[in-house]
Amino acid sequence: MSVMGKATEAAPAGAREYLTFRLDQEEYGIDILKVQEIRGYEPPTRIANAPEFIKGVVNLRGTIVPIVDMRIKFNCAQADYNSFTVVIILNLRNRVVGIVVDSVSDVMELTPESIRPSPDIESAIDNSCILGLGSVGERMLILLDIESLMSSLDMGLVTASE
């Protein structure tokens with residue numbers, strides 16, 4: 001499934017596009033420019049002694065890609081694998097990483113005015129990895145700095161020097 005849609009001709013200044021996805025009851029957004037592709041979930045090859053949230057690796061056209069289950073990483077109540085479960089393949093600092101999510105919603109364009117700072121509260125996500133809260137109508141998106149999240153020490157997937 002391709003994430004490249006048609007180019008918006010009259011994009012407001014400073015507007016950015018975010019791929020939105022669901023984890024449990026929450027909706028998240030990540031910068032569309034970090035997304036390489038979206039694939040259906042296939043069980044990866046397990047790696048011994050890897051953290052529980054790293055499901056294993058898959059071979060993607062000759063590239064070995066680590067697969068992170070974001071539902072486990074974010075302490076979601078249930079991590080069921082069904083027909084909606086997808087893997088978002090990300091290209092972060094020339095490193096390819098896959099993240100498992102419940103479903104992908106759509107691509108949304110957000111202006112800086114529609115993004116609010118995130119509240120400073122304890123959560124499963126380090127606050128430095130949250131860009132803010134985007135609102136479009138009744139929808140509220142948690143906007144993730146996916147590159148920072150994947151390069152955090154407990155993930156160990158992408159290093160800052162790469």
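Owing to the predicted nature of the structure, the values given are computational and were not obtained by experimental measurement.
Across all non-hydrogen atoms, the minimal contact from D80 to T85 is O-OG1, 3.4 Å. Nearest heavy atoms, P112 versus G14: CD-O, 3.4 Å. Taking each heavy atom of T111 and S114 in turn, the nearest pair found is O-OG, 2.8 Å.
Follow the hydrophobic side-chain contacts under 4.5 Å out from L133 and you never reach I115; the two are in separate clusters. Follow the hydrophobic side-chain contacts under 4.5 Å out from F74 and you reach M140 in the same cluster. Clustering ILVMFWY residues whenever any of their side-chain heavy atoms sit less than 4.5 angstrom apart, transitively, puts L131 in a cluster other than the one holding L90.
No salt bridge links R16 with E109; every basic N to acidic carboxylate O contact stays at or beyond 4.0 Å. Using a 4.0 Å cut-off between charged nitrogen and carboxylate oxygen, D145 and K34 do not count as a salt-bridge pair.
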(Q) I'd like to know whether L19 forms a side-chain contact (heavy atoms from CB on, under 4.5 Å) with I38, so could you lay out the CA-CA distance, the side-chain angles of the two residues, the decisive distance to 0.1 Å, and finally the verdict. (A) CA-CA 10 Å; L19 177 69; I38 300 170; 4.0 Å; yes
Q: Report the C-alpha separation of D102 and R71 in whole Å, then their side-chain angles, then the decisive distance to 0.1 Å, and conclude whether the side-chain contact (heavy atoms from CB on, under 4.5 Å) test is met.
A: CA-CA 8 Å; D102 289 338; R71 300 168 304 179; 2.6 Å; yes
Q | Residue pair I130, I142: steps toward the side-chain contact (heavy atoms from CB on, under 4.5 Å) verdict | A | CA-CA 7 Å; I130 299 176; I142 300 168; 4.1 Å; yes
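Atom OH of Y28 is separated from atom CZ of R22 by 10.0 Å, given to the nearest 0.5 angstrom. The distance from the OG1 atom of T20 to the CG atom of L141 is 6.0 Å, given to the nearest 0.5 Å. E147 CD to L33 CG: the interatomic distance, rounded to the nearest 0.5 Å, is 11.0 Å. The distance from the OG atom of S135 to the CG atom of L143 is 9.5 Å, given to the nearest 0.5 Å. In this structure, CG in L92 is found 8.5 Å from CD1 in I99, a value given to the nearest 0.5 Å. Separation of atoms CE (M70) and CG (D24) is listed at 13.5 Å; rounding is to 0.5 Å.
Inter-residue side-chain proximity for I89 and R39 is flagged as met; some heavy-atom pair is nearer than 4.5 Å. Residues V104 and I88 have side chains in contact (heavy-atom distance under 4.5 Å, counting atoms from C-beta outward). A heavy-atom distance below 4.5 Å is found between the side chains of L144 and F21. In this structure the side chain of I30 reaches within 4.5 angstrom of the side chain of V35, judged on heavy atoms. Side chains of Y18 and V107 form no contact here, defined as non-hydrogen atoms less than 4.5 Å apart. Using a 4.5 Å heavy-atom cutoff, the side chains of M108 and R139 are in contact.
Although no hydrogens or angles enter the test, the distance criterion places no donor-acceptor pair under 3.5 Å between the side chain of R46 and the main chain of P43.
For residues 31-51, the set of pairs meeting the ring-ring contact (aromatic ring centres under 6.0 Å, His included) definition, not counting sequence neighbours, comprises Y41-Y81.
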For residues 51-67, which side-chain N or O atoms pair as donor and acceptor with protein atoms under 3.5 Å away, sequence neighbours left out?
{"residue": "N59", "atom": "OD1", "partner": "G62", "partner atom": "N", "Å": "2.8"}
{"residue": "R61", "atom": "NH2", "partner": "E37", "partner atom": "OE2", "Å": "2.3"}

